[in-house]
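Have a look at the structure below, then the notes.
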Amino acid sequence: MTFRKDFLWGGATAANQCEGAYDVDGRGLANVDLCPVGEDRLAVITGRQKMLEFDDDHFYPAKHSIDMYHNYKEDIKLFAEMGFGVYRFSIAWTRIFPLGDEETPNEKGLKFYEAIIDECLKYDIEPLITLVHFDFPMHLANKYGGWRNRKTIEFYAKFVRTVIERFKGKVKYYLNFNEMNVLMAAPFMGAGLYFEEDENIKEIQYLAAHHELVASARAKQITKEVDPEIMMGCMLAAGKYYPAACKPEDVLAAQEADRNNYFFVDVQSRGYYPSYMVKKLEREGIMPEITEEDEKLLRENTIDFISFSYYTTRTISGDKNAALDKANLLDTIENPYLDKTEWGWQIDPLGFRITINEIHDRYQKPLFVVENGLGAKDIPDENGYVEDDYRIDYLRAHIKAMKNAVELDGADILGYTTWGPIDLVSAGTGEMSKRYGFIYVDRDDYGEGTLKRSKKKSFDWYKKVIASNGEDLE
Ligand code: BG6
């Protein structure tokens, strides 16, 4: 058998993309609530257009999403039916600390996640918790300037301690932040940052990134104190950069792009800033303040495993004028050797193996693939059944590639969770019609639909994959 006996198969979601109930049981307002569907979304999530409160001209899909807040029992039961060994979900910070700087947590928020965890454990599903999946309390963004303010580290630490203490003994796997590198591409959605006109955006992004890095070390420090059994991982939006040609200028550009992405994991895994980033930040005059205490914290609190999402590779040229597309929020030029999804993301299973190998070589720590999948338009029949062979084909090819990375290349992988095992709101576009699930949810881009859940063809296929520990992919 290729995969380890205790390999964890499952699926992954994020609070704001599935829970809904944005103002229920004391939850506070978060950045992710304010990202509308439609043509303004990109400007809002990248911080170019300020959206600090709801208005009547936009539809905000995270407000109600697929209402997992009230359907989690039914949904987890379906995950259990597929044989999930792990369910990755995130905790909405604003359910626990609605403003972010309160003294005491919101008990109703803690109870909600406790119920989810207990529901998972009832079916022997390991909860894998992302502490922050993009969400950030708007009160902290408005009052303190968000992650650009060092105080945020302690607000986060308090949130983390509250969660970890409460769920001690029940949860073994945590991720400190989802895709920290998204902070550079989508600073409002990724970290609640918005900017004034005269500000140096890049400088603020790296300052905020530094605070998140120190915060993630604090999270590890807290788990060591509270429950040393916990495995703390970091999380990267991964995907190798290919040079457009074998021209050395293109190869150097690809190396730089990879480094910009790996920077966060380099710090979290090695415990210090890599020299290429020190040089770059000094050269550009935007080096954040790094105290001796920060350095000690980073050094002593490196992560236990590396998790990442993989959807696509990207291609880059040394020519600054080359035409760019976006794939999972990051720029790429078109790779003529690859097909694309309906949303223009290039499909590259072999690139998955290449990416796994690179991360394995670079860090020599256990890996966890916590997102992979195909966002596609599904057309259900009158019973909500979807013949999603395209999704099965995508996942089969990627699982085969992951298998090769283990069997032929020797990567050590703890588990694999597909993105959005149940249809949910897209982070990039805010659409419901960009579906990833094995379970169809009757809801459209503007909130119409019954929210009824139904199984797609891929449901039984994934069940078979899990039952055979990845051996039966047909
Ligand atoms: C990952 C994010 O980058 O990609 C998820 O962690 C996101 O939150 C996923 O949903 C897929 O992207 P999208 O834009 O298709 O939802």
Side-chain angles (χ1 to χ4, degrees), residues 10-19 30-33 35-38 41-42 44-46 61-62 65-66 68 88-93 128-136 175-192 212 233-239 261 264-265 306-314 325-332 340-347 352 355 368-378 390-391 394-395 398 416-437 441 443 445:
T13 62
N16 78 89
Q17 291 173 254
C18 64
E19 284 176 8
N31 57 335
V32 283
D33 302 334
C35 300
V37 70
R41 186 174 180 92
L42 191 61
V44 172
I45 68 178
T46 52
S65 192
I66 60 160
M68 213 193 230
R88 172 185 175 225
F89 59 93
S90 78
I91 293 196
W93 188 339
L128 162 54
I129 292 186
T130 315
L131 288 158
V132 168
H133 192 121
F134 296 153
D135 60 319
F136 189 75
L175 305 179
N176 45 36
F177 287 92
N178 182 64
E179 297 181 339
M180 211 185 272
N181 48 331
V182 165
L183 160 62
M184 305 310 291
F188 183 69
M189 182 180 74
E212 285 199 1
C234 62
M235 166 31 170
L236 168 78
N261 250 356
F264 304 89
V265 187
I306 294 173
S307 83
F308 58 93
S309 61
Y310 177 83
Y311 295 91
T312 183
T313 47
R314 296 177 188 85
D325 289 337
K326 284 234 182 273
N328 201 8
L329 299 169
L330 303 176
D331 292 333
T332 179
K340 285 181 182 178
T341 72
E342 289 164 284
W343 273 265
W345 296 16
Q346 292 164 147
I347 302 175
F352 188 25
T355 301
F368 209 131
V369 180
V370 293
E371 287 184 33
N372 176 232
L374 176 71
K377 281 197 181 113
D378 289 336
Y390 38 90
R391 183 166 293 110
Y394 178 101
L395 291 170
H398 283 76
Y416 173 84
T417 58
T418 65
W419 176 249
I422 181 166
D423 293 344
L424 36 64
V425 174
S426 157
T429 70
E431 294 163 303
M432 264 308 295
S433 49
K434 191 179 186 192
R435 298 173 182 274
Y436 287 85
V441 179
R443 184 171 171 86
D445 290 345

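Note that ligands are numbered from 1 as they come in the structure, with each ligand's atoms numbered from 1 the same way. Both backbone and side-chain heavy atoms feed into the values below; hydrogens, waters and symmetry mates do not.
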So, [X] and [Y]: side-chain donor and acceptor under 3.5 Å apart, yes or no?
{"X": "Arg88", "Y": "Thr13", "result": "no"}
{"X": "Asn372", "Y": "Thr418", "result": "no"}
{"X": "Asn181", "Y": "Asn261", "result": "yes"}
{"X": "Ser65", "Y": "Gln17", "result": "no"}

Counting from 1, what ligand 1 atoms have a heavy atom of [X] closer than 4.0 Å?
{"X": "Gly428", "result": "13 (P), 14 (O), 16 (O)"}
{"X": "Ser426", "result": "13 (P), 14 (O), 15 (O), 16 (O)"}
{"X": "Ala427", "result": "7 (C), 8 (O), 10 (O), 13 (P), 14 (O), 16 (O)"}
{"X": "Glu179", "result": "1 (C), 2 (C), 3 (O), 6 (O)"}
{"X": "Asn178", "result": "6 (O)"}
{"X": "Tyr436", "result": "11 (C), 12 (O), 13 (P), 15 (O)"}
{"X": "Lys434", "result": "13 (P), 14 (O), 15 (O)"}

query = With a cut-off of under 6.0 Å to the ring centre and 45° to the axis, is Lys434 in cation-pi contact with Trp419?
reply = no
Residue part near ligand 1, for [X], under 4.0 Å between non-hydrogen atoms:
{"X": "Val425", "result": "neither"}
{"X": "Phe308", "result": "neither"}
{"X": "Trp343", "result": "neither"}
{"X": "Ala14", "result": "neither"}

Does any N or O atom in [X] lie less than 3.5 angstrom from one in ligand 1, N or O only?
{"X": "Trp345", "result": "no"}
{"X": "Glu371", "result": "yes"}
{"X": "Phe134", "result": "no"}

Donor-acceptor pair, distance only, cut-off 3.5 Å: does the side chain of [X] make one with the backbone of [Y]?
{"X": "Ser307", "Y": "Cys234", "result": "yes"}
{"X": "Arg435", "Y": "Asp423", "result": "no"}
{"X": "Glu342", "Y": "Lys377", "result": "yes"}

task = Indicate yes or no: does Asp378 engage Arg391 in a salt bridge with an N to O separation below 4.0 Å.
result = yes
message = Angle between ring planes, Phe352 versus Tyr310, binned at 30° and 60°: parallel, tilted or perpendicular?
response = parallel
ask   = Quick one: does His133 get within less than 4.0 Å of ligand 1, heavy atoms only?
value = yes
